[in-house]
Amino acid sequence: MSASIRFTHAITRRPAASIIRGLRAVDTGSPDLTRMLDHHAAYVAALRETGATVVELPPLDAFPDSVFVEDTALCLPEGAVVMRPGAPSRLGEAAEMAPNLAALYREVMAITGPESFIEGGDILVTEREILVGRSARTNAAGIAELARLVAPWGHKVREVHTPPGILHFKTDCSLLDAETILSTTRLSASGCFAGYRIIDVPEGEEAAANTIRFNDLVLMPAGFPRTRDLLDAAGYQVREIGNSECAKLDGGMSCLSLRFTPA
Ligand code: CIR
């Protein structure tokens with residue numbers, strides 16, 4: 001049983017009307033809430049189809065980006081760690097998530113250093129280690145604090161780099177199974193995945209690198225046929241989910257859930 005791809009639980013949060021004010025690197029138009037809700041419902045249904053319990057939290061209008069729950073916490077089998085997002089408008093989202101984690105876990109810790117910043121989108125948990133990409137949202141102090149917190153649980157943290165101009169480490173990669181990582185070539189070329197099997201997304205389909213392996217399914221954003229065919233041919237059970245509205249806010253499959261199996 002691979003702990004890195006098998007999960008009993010997920011937490012999601014429905015998007016709020018304030019989503020139109022969500023952060024974005026480049027403005028390509030406002031997300032449409034109705035369409036986003038449809039995509040979100042398909043995403044939650046796919047998670048549930050695998051047999052997992054999915055907690056759907058209500059919209060939080062005060063936090064436009066709060067649909068992207070992944071950034072608020074790191075969920076490991078032994079416990080959860082509440083993050084300290086590097087985006088000032090998102091800091092309060094982490095505190096909103098904490099009680100929901102406490103309801104499911106015996107142990108919930110938090111990143112608290114005033115100089116520490118770290119977002120879940122920069123963290124890739126594999127079977128053997130936790131990779132954390134330094135980015136505009138995640139700094140060395142945040143990574144060091146996380147490493148100290150999870151060491152007693154037996155987890156090793158390795159600091160890597162998010163490519164320049166890319167929001168999060170996992171914007172450009174995903175874990176497909178215990179040994180295999182789907183990545184953009186701009187990220188895999190850094191050598192950070194040495195020792196893993198790497199599947200590079202075809203050129204021009206970089207936005208398909210953010211998928212999630214959740215139990216038997218690989219959820220990927222719709223509209224990337226070459227990546228879909230590649231994953232299909234490699235034997236993965238692929239489910240395409242509409243992501244047009246989240247993509248306007250630099251969000252993808254991983255951002256929309258926290259995935260875990262509390263011990
Ligand atoms: C942000 O800029 O924080 C949001 N608009 C998108 C967050 C995406 N989260 C993720 O990749 N884990």
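Counting starts at 1 for both ligands and their atoms, in listed order. Here, residue 1 is the first one in the sequence, and each next residue gets the next number. All heavy atoms count here, side chains included; hydrogens, waters and symmetry mates do not.
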Point to revise | No-hydrogen, no-angle side-chain donor-acceptor test under 3.5 Å, Arg259 and Ser257 | key: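 Checked: Arg259/Ser257 side chains pair up, N/O donor to acceptor below 3.5 Å.
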**Study point:** Residue list, side chain to side chain contact (heavy atoms under 4.5 Å, CB included) with Ala17, at least two apart or on another chain
**Key:**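 If we apply the side chain to side chain contact (heavy atoms under 4.5 Å, CB included) test to Ala17, skipping adjacent residues, the hits are Leu33, Asp61.
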Exercise for review: Say whether, by atom type as modelled, one donor and one acceptor occur between the side chain of Arg24 and the main chain of Gly22 under 3.5 angstrom.
Suggested key: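 Flag set: sc Arg24 to bb Gly22 pair under 3.5 Å.
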Check your understanding: Is the side chain of Asn100 donor-acceptor paired with the backbone N or O of Glu96 at a distance under 3.5 Å, no angle test?
Key ->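 Flag set: sc Asn100 to bb Glu96 pair under 3.5 Å.
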Review point. Relative to each other, are the rings of Phe193 and Phe169 parallel, tilted or perpendicular (30° and 60° limits)?
Key: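 The arrangement is tilted - the two ring planes meet at 30° to 60°.
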**Study point:** His40 and Tyr43 aromatic ring geometry - parallel, tilted or perpendicular at 30°/60° bounds
**Key:**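 Ring orientation of Tyr43 relative to His40: parallel.
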Give one line per pair: atom of ligand 1, protein atom, distance. Only N/O to N/O under 3.5 Å.
unit_1	atom_1	unit_2	atom_2	d
ligand 1	2 (O)	Arg137	NH2	2.9
ligand 1	3 (O)	Arg90	NH1	2.8
ligand 1	3 (O)	Arg137	NH1	2.9
ligand 1	3 (O)	Arg137	NH2	3.4
ligand 1	5 (N)	Leu23	O	2.9
ligand 1	5 (N)	Asp65	OD1	2.8
ligand 1	5 (N)	Leu249	O	2.8
ligand 1	9 (N)	Asp71	OD2	2.8
ligand 1	11 (O)	His168	ND1	3.0
ligand 1	12 (N)	Glu70	OE1	2.9
ligand 1	12 (N)	Asp71	OD1	2.9
ligand 1	12 (N)	Asp71	OD2	3.3

